[in-house]
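Below is one structure; the comments refer to it alone.
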Amino acid sequence: MSRSLFGSALAALMLLWCSGLGIAQQSGTPLEAKAMFDRAVAALKADRAKALSEFNDKNNKQFHDRDL
């Protein structure tokens, strides 16, 4: 009985740990956010209309990355 309980607890712990890793990979880092911000500022300075169009394009990976 205690062996199966230990096994179940271990399996639940591993499942929680693995799902936590998946969440961490879905978030951008502060460094990545700063880099995207810098790209956005440069794009706005170069051509405001084009930059706004790129910002709104969900397929543009330069300004859309995970939760950034």
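Every value quoted in this text rests on a predicted model; they were computed, and no experiment measured them. All heavy atoms count here, side chains included; hydrogens, waters and symmetry mates do not.
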So that I can tick it off, tell me whether Asp65 and Lys61 are bridged by a salt bridge, with the cut-off set at under 4.0 angstrom between side-chain N and carboxylate O. no
To the nearest 0.5 Å, how far apart are CD in Glu54 and CG in Leu44? 9.5 Å
Indicate if Val41 and Met36 have the same hydrophobic cluster label, given that clusters are the connected sets of ILVMFWY residues with side-chain heavy-atom separations under 4.5 angstrom. no
Cluster link Phe37 to Leu52, ILVMFWY, side chain under 4.5 Å: no
Derivation of the side chain to side chain contact (heavy atoms under 4.5 Å, CB included) call for Gln26 and Asp67: CA-CA 7 Å; Gln26 293 176 358; Asp67 66 337; over 6 Å; no
Polar side-chain atom of Arg39 near backbone of Gln62 as donor-acceptor pair, under 3.5 Å: yes
Between His64 and Phe55 (side chain of the first, backbone of the second, donor and acceptor by atom type, cut-off under 3.5 Å), is there such a pair? yes
